[in-house]
Amino acid sequence: MGLHSGAPVKLRLLPGPAGSGIIFRRTDLDGFEVEATGRNVARVSYATSLMKKGVLISTTEHLLSALIGCGIDNAIVELDNLELPILDGSARPFVELIRDAGTRKQRRPRTYLRILRGLELREGDKFIAVYPAETYSVQYTINFPHPLIGKEMFRVHLSDGNYLRDIAPARTFGLREEEQAMRNMGLIRGASNENCIVLTRNGIENPPLRYTDEFVRHKVLDLIGDLALLGKQILGNVVADRAGHAMHTALVSRLLRDRSLWEETTVEEESTAAPLATTMSAGQSL
C-alpha cells in the first residue's frame, strides 16, 4: 500500500528502451505516462510526487533511488494507483527485485550530467549544494531534537556496491507523537510498524535499527532518489544539511534551468569504451 494514501497498489517494473529514462505508467488510466523529470515535480512536502496533465504519481523517491543505486538508466514503472508502495520503508525490496530480474546493457553509451560550477541554495538553517567532481558522492547532515538522533552526518561515494550495502536498507522514520496531526492532514494513512521506524519520546517502538545512524542514511537515500529527476546520473559532489524534499527538488529545478552549470558527457573508463546504458532484462512485479 501507499505510505500516505493507504491505498492498495500493484507495481510492475519493465525494461525501457535506450534513451527513454524512467517512465511511470498508470495502468488504471489507460496507460497514461509521466516521465521522471524535474519538469513534472508536483507536491514535495513529506514525499516527492510527479504530476502531468492532472495525473499524479506519488512518493517516487525510494524507487528512483533504488534505480540509480542499481545503475538503471531506462525503465518503465507500471502502477494501478496514484502512490507507489512503501514496502518496508526502504529501497532494499526494490533493489532485491531488480537484481532478481537482472539487468541488460544497451547499445547507446550512458551519458552523465557533469557539474561544471558549484551551486548553493540556502533557506534559514537549511542548505544544499552541488560542486564539480569526477564521481558522484553525497554528504548529508541532519539535526533532530531526539535523544537517539541529534546531529548525524553520512557521506557515500556511489561506486559499485556502496549503495546496496550502505544506503538501500535504511528505512523512513517518524515520531509517534506527531502521528495524529499528520493523519489529520491526510498523510501516513498507510504507515505501520512494518514500514517505518517509529520513534517515541525517548526511544524506538519497533527496534532494532539496521544501522546506528539509519536516520541520516535514509535522508541520503531520499536525496539520491530526488536527484534522479535530473534525468541522468550526475558527476558531482552533493552536500546537504537539514535540506528535505523541497530543497532537493529545488536544486534539480535550478540545475535544469541553468545549462551553464553542467554539460552532458560520457565517461571513458580505463582501456574500455564509455559505459553503456542499462535497463532491466525482465519484468518484475509487486
With Glu96 via salt bridge (charged side-chain N to carboxylate O under 4.0 Å, His left out) - residues at least two apart: none
Set of residues satisfying salt bridge (charged side-chain N to carboxylate O under 4.0 Å, His left out) with respect to Arg26, sequence neighbours excluded: Asp28
Inter-residue atom distance Gln139.CD - His157.NE2, 0.5 Å rounding: 9.5 Å
Pairs meeting criterion side-chain hydrogen bond (donor to acceptor under 3.5 Å, both in side chains) with involvement of residues 166-179, two or more places apart: Arg171-Glu214, Arg176-Glu179, Arg176-Asn193, Arg176-Glu205, Glu179-Arg183
Connected-component partners of Met185 among ILVMFWY, side-chain separation under 4.5 Å: Tyr46, Met182, Leu187, Ile188
Contact summary for Ile224 and Tyr136, nearest pair of heavy atoms: CA-OH, 4.1 Å
Ser260: side chain to side chain donor-acceptor pair (under 3.5 Å) partners, not counting sequence neighbours: Arg117, Asp258
Taking every non-hydrogen atom, the tightest pair across Ser192 and Asn195: N-OD1, 2.9 Å
Exam field: side chain Glu61 to backbone Thr48, donor-acceptor pair closer than 3.5 Å: yes
Test: Arg114 and Glu134 ion pair at under 4.0 Å: yes
Minimal non-hydrogen separation, Ala66 against Tyr163, with atom names: N-OH, 3.3 Å
Test item: Thr265 and Thr111 side chains (from C-beta on) under 4.5 Å apart, heavy atoms: no
pair Leu261-Ile115: side-chain heavy atoms closer than 4.5 Å: no
With sequence neighbours excluded, residues passing side chain to side chain donor-acceptor pair (under 3.5 Å) with Thr249: none
Atom pair CG/OG1 of Asn40 and Thr60 - distance to nearest 0.5 Å: 10.5 Å
Set of residues satisfying side chain to side chain donor-acceptor pair (under 3.5 Å) with respect to Arg99, sequence neighbours excluded: none
Nearest heavy-atom neighbours spanning Ala36 and Leu50: CA-CD1, 3.8 Å
Under 3.5 Å, which donor-acceptor pairs link side chains of residues 119-126 to any protein atom two or more places apart or in another chain?
residue	atom	partner	partner atom	Å
Glu120	OE2	Tyr131	OH	2.6

Least distance between heavy atoms, Ala228 atom then Ile68 atom: CB-CG1, 3.6 Å
Partners meeting side chain to side chain donor-acceptor pair (under 3.5 Å) with Glu264 (sequence neighbours left out): none
pair Asp222-His218: side-chain heavy atoms closer than 4.5 Å: yes
Give every donor-acceptor pair under 3.5 Å between a side-chain atom in residues 72-89 and any protein atom, sequence neighbours left out.
residue	atom	partner	partner atom	Å
Asp73	OD1	Arg110	NE	3.0
Asp73	OD2	Arg110	NE	3.0
Asp73	OD2	Arg110	NH2	2.9
Asp73	OD2	Thr278	N	2.8
Asn74	OD1	Gly19	N	3.4
Asn74	OD1	Ser20	N	3.2
Asn74	OD1	Gly21	N	2.8
Asn74	ND2	Gln106	OE1	2.7
Glu78	OE1	Arg12	NE	3.1
Glu78	OE1	Arg12	NH2	3.1
Glu78	OE2	Arg25	NH1	3.1
Asp80	OD1	Lys10	N	2.8
Asn81	ND2	Pro8	O	3.0
Glu83	OE1	His4	N	3.3
Glu83	OE1	Ser5	N	2.8
Glu83	OE1	Ser5	OG	2.7
Glu83	OE2	Leu3	N	3.4
Glu83	OE2	His4	N	3.0
Glu83	OE2	Thr59	OG1	2.6
Asp88	OD1	Ser90	N	3.0
Asp88	OD1	Ser90	OG	2.8
Asp88	OD2	Ser90	OG	3.4
Asp88	OD2	Arg210	NH1	3.1
Asp88	OD2	Arg210	NH2	2.9

Leu230 and Trp262, any side-chain heavy atoms less than 4.5 Å apart: no
Solution key, residues 142-156 side-chain donor-acceptor pairs under 3.5 Å, sequence neighbours excluded:
residue	atom	partner	partner atom	Å
His146	ND1	Leu148	N	3.0
His146	NE2	Thr200	O	2.6
Glu152	OE1	Val216	N	3.2
Arg155	NH1	Asn237	OD1	3.3
Arg155	NH2	Ser137	OG	3.4

Listed partners of Tyr140 passing ring-ring contact (aromatic ring centres under 6.0 Å, His included), at least two apart: His248
Enclosure of Met1 CE (heavy-atom neighbours >12, cutoff 6.0 Å): no
